[in-house]
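Heads up, the thing below is written out as structure tokens.
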Amino acid sequence: MSLNRKYIPIVVTILLFLLMFTAGSFRYTGFFSLQVLMNLLIDNAFLLITAVGMSFVILSGGIDLSVGSIIALSTMVSASLVQQHGWSPAVVIPLVLLMGAAFGCGMGAIIHYFKIQPFIVTLAGMFMARGLCYVISIDTITIDNPFYTSVAQTKIALPGGSFISISAIIALIIAALAIFIAHYTRFGRNVYALGGSEQSSLLMGLPVARTKVLVYTLSGLCSALAGIVFTFYMLSGYGLHAVGFELDTIAAVVIGGTLLTGGVGYVLGTFFGVLIQGVIQTIISFEGTLSSWWTKIVIGLLLFVFILLQRVLSANRSSLKQ
Amino acid sequence: MSTQKPILQMKQIHKRFPGVKALSNVNLRLFPGEVHALMGENGAGKSTLIKVLTGVYSIDEGSVEMEEAPISVQSPLESQAAGISTVYQEVNLCPNLTVAENIFIGREPRKFGRILWKEMNKRAQEILSERLNLQIDVTEPLYMYSVAVQQLVAIARALNISAKVLILDEPTSSLDKNEVQQLFRIMEKLKQDGLAILFVTHFLDQMYEISDRVTILRNGEFVGEYMAKDLPRLDLVLKMIGKELNLLEELPSLAEEYKDSLGEELVKADGLGRKGAIEPFDLSIHKGEVVGLAGLLGSGRTEAARLFFGADKPDSGKLIFSGRSEGVHTPREAIGRRIAFCSENRKTEGIIGDLTVRENIILALQAKQGVFRTISRKQQEEYADEYIRMLNINPPSPDHLIKNLSGGNQQKVLLARWLLTSPQLFILDEPTRGIDIGAKAEIQKLVLSLSRQGMSFLFISSELEEVLRVSGRIAILRDRHKVKEISGKDMSQHQIMQAIAGG
């Protein structure tokens, strides 16, 4: 066996991305460029950040439906405080991050200590955060604070005349950090163990409670950060931002090769899962005539394929055990 | 060895659960360099004792001393810290992680918070090869390996926590013969390293093969601690089930008189077996015959019965019906062949508590007929009344909810349910457990009178007297093997006991 079977899903994901990118390059002139690649990151920075947090949640065997709403709430709180109350971004940004982390921490604590399914708890969190947006304002709040606009417009030049945004760099740093955390820290390994078997983790004496709560805290923090990045991108706060976004995020993680049952997957896979979603959008915009809803159709199909692939692999796995 | 001091001593342990006394006055001493077997039937309190020792449950009364200092463990983590490591029956590791990680997780070698994978893999390899003679690739995920190897990895993890006491909870239950031997070699080695091993098992042969000392529990009570080599097998069995040999009086078999009129062969198990449940066995059942299955709890009685009913899939052998080899693959097929199975778990696999007696009675017949041929209300009531009268079900009202009936009457309703399908072979697994003497006698009488009418029975019971009374022939199981078949004048409690004890 030349290829370790545990790498199959991630290899499939990476190959799929390369295939799509190559296909696009042959079909459309101007597709094959560093800038198109960079745009994938620029346009999907907030998706990447959220999906990184979601990866930890799914690896631990849970799910977080509140991420889209937390993003909306983050944009709303940022916009309201900066624009209507004149607070400094230097205060607002840490505050928003803290809020996201606290929100996630609360949900994690409820999930663990009251032994309630993450699906329900984060569903409640989703409604709550979304509702809170409208308490602040039912309208869009446009941001014209100089810090936000300058971050939004800053282009960092790369060799070859292409550029990258600050948001994309933040996303890349988060992804790199997450890979390190997942594979080289005890917290990361405990998340995998928890996803493998919670019962075993308890009996092996791992800090199950702390890990579980931290996972949701991390996801809340990532969502808040994604919300801030989203604010840079949209320059507004609005209660209808990122509606249904939690599902895009889950799709990116699953297409990245992470098992929904937990314990198996890689953050790097999530990175490529996000890029695949981006490349589908890019291809459809290059095509010109296709409705952007085709993105959803293709992602839907891909999800089916990946879930089937996982099923087949895990079926092999259980037959191996016999 | 007797001059040695125990490394771990549990004294007068009591543990109560709501309504149940799980442990009372239990003592346990573990000595370094010894394998100590903990024996008892299912429900004797073995698991509870281990859970108390490892901090999963708290102790109501009694004390635990480790190296002569009292300890009080509140969690599995604390017991590990105290030097007590446990390998549970179902391997409690994470199959998705690598072998090395499973050994080290929670205590990975680190530098500035960064896990040193190379170091970890190297050390995992060392532990496995030096202490357990196991050469495997530690970077593979655990699920790639067999249960036996997983068990060894669990032991390696336990050892790595520098255990002084190693608890192996039914480690051999899902291993085959070679794997058991491999495990025993490792246990011998660990014993020589000075470890105290507590070996929980219900396999008599394995106990005698590896153990130095044995503690026996029965119904949560401490029976005694013995040196294994000084304890004859028969005594061990008698102590486990709580009887004195000279008190076993020979009861006349009620079945004796019909034995001569043996009908044709109805069904025959030919080398039927299932790994981890029951070793391949032969057993034939004739028309109108009551065949008893005797053995300790956990000896494979229920497992054998389930194979007859198609509830589990055999990996070897086949069932032969009236001379023709045709398997039974699902309970549905079994019902089609007019086999009925009354499970030992009356509450979970038998009655449907919120339905009435009438509805419970017609359930199997309706299932057999299919959804489209409903049994009319009038017909249902006739059936219900008939069986309520025949089996003397009390209260004699078909519209009572079955959950409000006593255990004995619930059992009768279940019998009625299956009798209504007019089975050829009726498998009864512990039909009289937990019901009063009067109902017991009625059920026994019913079995006998039905067998006289040509119905065959496979009768499983823990009560030897009962098996003897109703059976024409008895198959005896030990450690998941069918060891003996006795009939006629050979049938006596003494005979059965000796077969159960074996060796």
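All values reported here derive from a predicted model rather than from experimental measurement.
Rounded to the nearest 0.5 angstrom, B:Ile105 CD1 and A:Ser201 OG are separated by 7.0 Å. Between A:Phe180 atom CZ and B:Ile115 atom CD1 the span is 8.5 Å, to the nearest 0.5 Å. Rounded to the nearest 0.5 Å, atoms CZ (B:Arg107) and CZ (A:Arg186) are 8.5 Å apart.
Ranked by heavy-atom pairs shorter than 4.5 Å toward chain B, the options A:Gln199, A:His183, A:Met204 are led by A:Met204. Between chain B and the options A:Ala193, A:Ser200, A:Gly196, A:Gly195, heavy-atom pairs under 4.5 Å are most frequent for A:Ser200. The most heavy-atom pairs under 4.5 Å with chain B, out of A:Pro207, A:Gly263, A:Ser197, come from A:Gly263. Between chain A and the options B:Leu97, B:Thr54, B:Val56, heavy-atom pairs under 4.5 Å are most frequent for B:Leu97. Of the listed residues B:Cys94, B:Ala158, B:Ala154, the one with more heavy-atom pairs under 4.5 angstrom with chain A than any other is B:Cys94.
In this structure, B:Glu108 does not pair ionically with A:Arg189, as no charged nitrogen and carboxylate oxygen lie closer than 4.0 Å.
Taking a 6.0 Å sphere around CZ of A:Phe119, one finds it holds 12 or fewer heavy atoms contributed by other residues, nucleotides or ligands.
Closest approach of A:Leu203 and B:Tyr88 over heavy atoms only: CD2-OH, 3.7 Å.
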